[in-house]
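Reviewing the structure listed below.
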There are 2 protein chains.
Amino acid sequence: MNGEDPSPVVSRPTVSSVALLAGVSRQTVSNALNNPQRLQPDTLKKVLATIEETGYVRSAAARQMRTARSGVLAYRLDPVRDGIGGAVLDTFLHALSAEAERRDYRVMLYTADSDDAELRQFSRLAQAQAVDAFILIETHRDDVRYEWLVEHGIPFSVFGRPWSSDSSGHAHGSSPQPAHAWVDVDGASGTAQATSHLLELGHREIAFLGWPKGSETGDERRRGWAETLAQAGVGEDRRDSLDSGQRDGILEGADAARRLLAAGATAFVCASDSLGIGAFSAIQAEGGKAAVVGFDDTPTAAALGLSSIRQPIEKAVSCALGSVFAQLDGASGASSEPSLLLPQLIVRASSRPATGSPA
Amino acid sequence: MNGEDPSPVVSRPTVSSVALLAGVSRQTVSNALNNPQRLQPDTLKKVLATIEETGYVRSAAARQMRTARSGVLAYRLDPVRDGIGGAVLDTFLHALSAEAERRDYRVMLYTADSDDAELRQFSRLAQAQAVDAFILIETHRDDVRYEWLVEHGIPFSVFGRPWSSDSSGHAHGSSPQPAHAWVDVDGASGTAQATSHLLELGHREIAFLGWPKGSETGDERRRGWAETLAQAGVGEDRRDSLDSGQRDGILEGADAARRLLAAGATAFVCASDSLGIGAFSAIQAEGGKAAVVGFDDTPTAAALGLSSIRQPIEKAVSCALGSVFAQLDGASGASSEPSLLLPQLIVRASSRPATGSPA
DNA sequence: ATCGCTCTTTTGATCAATCAAATCCGCGAA
DNA sequence: TTCGCGGATTTGATTGATCAAAAGAGCGAT
């Protein structure tokens, strides 16, 4: 175990040192990695063998310097939020990192506590060519970030709709503001699926545990429920009495569920798994058999047997990256097709007849 | 708004272009940023002004190439775990990112689903000089990662104890295996603080809601509770009947709490906030006034008024980075003092006499 | 036998910064 | 007046990989 020779400061292998060993020129080594089809099979094999043997890995810096590509995407990491609610973003980040790796890219984090600070980060990171593109989330009204990035010609993609303050508003004289690239999940479709599912199970008194009105995401989820119920002939008055908007949280969900159960609700569509878990446990505690569907399909929901609506995070990530890479590869403009993905209802015990199923 | 001239492919400013503008040499520009004290105040001011004006930012790649430093730390991002439990790691990651930025460093993510895959990542990232050091978490018995990194001379620091399989075991003939750098939080101290606090409030029947035996972290937290109770004169039999070990989770915590309340418990020390929140809500539901202390001080606990034990994450991050930077700055060996940090009990409504406080 | 064509491989130059060593400059001492 | 000295500034060289263009090799057609 000690014969090789410990470590006489063996300098890292380089294209040149590998080339020397393989008896070819440096460019041939470079080609073996970047344009293998240019080499004769024999040569390629020989070079690759030498690379393997020396454990050579291209220097990120040198490569980056010549190609003006860092192979890095930037993502803003926000401070921790309420436990379960943040799980979706955790999932997103993990999927982003994994998918980026698959494409030989990496994700680098940055933080910022204000839009202004974030713009400064944009400029630092992009100017230093430390990152090639940004992945944005947590969109809000009048987001200044898109405009800045577009103006500076920095590729980016957004998870979340632009929620633009004005889609037809004061034309600025400038170009018709081409929509930037974004991906989002159609929350209304999710709650609509859940509501239909509960209707099919025979429920009529389907309540909605949502968040206080005013949040885009929350209101959209409420809309899916409301519209579906309306189509099923449930009037607005009835709906209003089945509509609860409280802070997100397990205990909040349990409280609201108890209240609505007393008011006659037999099923619940929820804006989050936190609320869903709360409702589910309240129902179980009372020995009732009302049905519940949560939102986001967190691991906890899966573990408890709570039906939930799964956002296609992997697909969202893949869309976002697709758009970013299209921008990087020069196909400017045409590539950025916004896409609204459909979530999927995962049915579990919490919304299945407890006793034998009706075939 | 349109007079300047749109963008005639203004190439990014470089040291040379800035130097030209400022009427100095490129090295002087470089010095202005890296060794300002070498320049005459006037020159410095002039150069900095030009830098400001041109918006010049050093190219990360070129810098990295010459200095053999990337200014990047690597951190493994794991798949999402159960909601609230993961909050500590979220906090850790955010703190890590923020603290790294403060020191002009960045955090880059990678993924790996096995130790083997992780070693491959180590070698890729380090060989390419894409990262300068690794920050490890989630230690486990017989972790092969430390050894690999030490052997390859790659700086790293660990959040979590080495939990070495043998601290006195078979000496390998090689050097006395100098402990690597690590930081961790003393979980036993946390539960001990909680238990003492509850004893002071007059409780005697203090139960422990922990995880199944076998996890290092969990067992350690149990130990703090058990030892403190033992010192207070609570016998082993009594303790055993107050010791509950179930899966982590809010509902699990509620169930266990109900069971132990029935058995006479008047207070709860918990291994996590999930368990704590569950217990707290079960107590409230029954109108009781048993006291509860959670663990990890998650935002949810704070919102609910649950007393909890806060891990000094910021300090842990700062220790870990301190160690890593010491390694990077050549001070090899002496720098890596392992440190065991003390958590802090945060007292909230859940463990305070409901009625008027005594003094 | 030579030219021209394609396919493979090699050489020269470059990316943007920093290190190392060489100049420059002013000033007091010989 | 000249030399020496120390601090400020500049020049030369280098880092590792890649692009662009040149050189070499093989082969059929003139």
Side-chain angles (χ1 to χ4, degrees), chain A residues 9-48 50-51 54-71 104 124-130 132 330, chain B residues 9-48 50-51 54-71 104 124-130 132 330:
Chain A
V9 191
V10 270
S11 55
R12 248 167 44 77
T14 68
V15 258
S16 304
S17 76
V18 170
L20 208 61
L21 263 173
V24 296
S25 73
R26 35 179 226 292
Q27 182 62 30
T28 299
V29 175
S30 173
N31 284 335
L33 292 168
N34 302 314
N35 303 85
Q37 79 290 352
R38 283 193 195 160
L39 298 190
Q40 208 143 17
D42 302 352
T43 319
L44 178 58
K45 195 157 56 177
K46 181 175 59 182
V47 175
L48 288 180
T50 314
I51 288 178
T54 55
Y56 167 72
V57 178
R58 303 210 259 328
S59 149
R63 187 175 167 67
Q64 184 173 340
M65 178 139 144
R66 192 72 246 250
T67 61
R69 278 285 162 78
S70 63
D104 269 305
R124 278 172 113 90
L125 292 170
Q127 283 282 343
Q129 299 206 106
D132 292 343
Chain B
V9 192
V10 271
S11 55
R12 251 167 42 77
T14 68
V15 258
S16 304
S17 77
V18 171
L20 207 62
L21 262 173
V24 297
S25 73
R26 36 180 224 295
Q27 183 62 29
T28 300
V29 176
S30 174
N31 284 335
L33 293 168
N34 302 315
N35 303 84
Q37 81 289 352
R38 285 194 194 159
L39 299 189
Q40 209 143 16
D42 303 351
T43 318
L44 178 59
K45 194 157 56 177
K46 182 176 57 181
V47 175
L48 289 180
T50 315
I51 287 177
T54 56
Y56 167 72
V57 178
R58 302 210 261 327
S59 149
R63 186 176 169 66
Q64 185 173 339
M65 178 139 144
R66 193 72 247 251
T67 61
R69 277 285 162 78
S70 62
D104 270 307
R124 277 173 114 88
L125 292 170
Q127 283 283 342
Q129 298 206 108
D132 292 342

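We name chains A, B, ... by the order of the sequence lines, and we start the count at 1 in each one.
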Practice task
Return the minimal non-hydrogen interatomic distance between B:Gln129 and B:Gln64, and the atom names on each side.
Solution key: O-NE2, 3.2 Å
Practice task
Rounded off to whole Å, could you give me the CD-to-C1' distance for the B:Gln127 and D:dA17 pair?
Solution key: 16 Å
Handout entry: Proximity to DNA chain D (any heavy atom under 4.0 Å), residues of residues 60-67 of chain B only
Key = B:Met65, B:Arg66
Completion exercise
For B:Val57 and A:Ala128 the tightest heavy-atom approach is CG1-CB, 3.7 Å
Practice task
Mind checking A:Thr43 for me? I need base, sugar-phosphate or nothing, with any heavy atom below 4.0 Å counting as a touch.
Solution key: sugar-phosphate
Problem - B:Thr67 OG1 to B:Asp132 CG distance, which is reported to the nearest 0.5 Å - result: 8.0 Å
Handout entry: Point-to-point distance, once rounded to the nearest 0.5 Å, from CG of A:Asp104 to CZ of B:Arg124
Key = 6.5 Å
Fill in the blank from the handout: Heavy-atom nearest pair, A:Val24 first then A:Val47, reads CG2-CG2, 4.0 Å
Handout entry: Distance in Å, B:Ile51 CD1 paired with B:Leu33 CG, rounded so as to fall on 0.5 Å steps
Key = 4.0 Å
Exercise for the section: Grab the CD-P distance between A:Gln129 and D:dA17 for me, whole Å please. Expected result: 19 Å
Practice task
Classify the side chain of A:Arg26 and the base of D:dT18 as holding, or not holding, a donor-acceptor pair under 3.5 Å.
Solution key: yes
Problem - Nearest heavy-atom neighbours spanning A:Ala130 and A:Ser70 - result: O-OG, 3.2 Å
Practice task
Figure out the CD/C1' separation between B:Gln27 and C:dC19, and round it to whole Å.
Solution key: 7 Å
Handout entry: Flag side-chain contact, heavy atom, 4.5 Å: B:Arg26 against B:Ser16
Key = yes
Completion exercise
Residues of residues 30-38 of chain A with a heavy atom under 4.0 Å from any atom of DNA chain D, listed by number, are A:Ser30, A:Asn34
Practice task
Taking only the side-chain heavy atoms of B:Arg58 (C-beta and beyond), determine which of C:dT11, D:dA17, C:dT18 contains the nearest atom.
Solution key: C:dT18
Practice task
Could you check whether B:Val24 gets within reach of a base, just the sugar-phosphate, or nothing at all, counting any heavy atom under 4.0 Å?
Solution key: sugar-phosphate
Practice task
May I ask you to say what A:Thr14 touches in the nucleic acid, namely base, sugar-phosphate or nothing, with a heavy-atom cut-off under 4.0 Å?
Solution key: sugar-phosphate
Fill in the blank from the handout: Double-helix bend of the helix from C:dA1-D:dT30 to C:dA30-D:dT1, axes at both ends from 5 pairs, round to 10°, gives 80°
Problem - Check: B:Ser17 side chain, B:Pro13 main-chain N or O, donor-acceptor pair, under 3.5 Å - result: no
Exercise for the section: Please state whether the phosphate of D:dG16, meaning OP1 or OP2, lies under 4.0 angstrom from any side-chain nitrogen or oxygen of A:Ser59. Expected result: no
Exercise for the section: Apply the test side chain to side chain contact (heavy atoms under 4.5 Å, CB included) to residues A:Gln37 and A:Asn35: give CA-CA distance (whole Å), side-chain angles for both, the deciding distance (0.1 Å), then the verdict. Expected result: CA-CA 5 Å; A:Gln37 79 290 352; A:Asn35 303 85; 3.8 Å; yes
Exercise for the section: Give the rounded distance in Å between these two atoms: CD of B:Gln40 and C1' of D:dG7. Expected result: 9 Å
Exercise for the section: Taking the side chain as every heavy atom from C-beta outward, state whether B:Tyr56 and B:Thr50 have any atom pair closer than 4.5 Å. Expected result: no
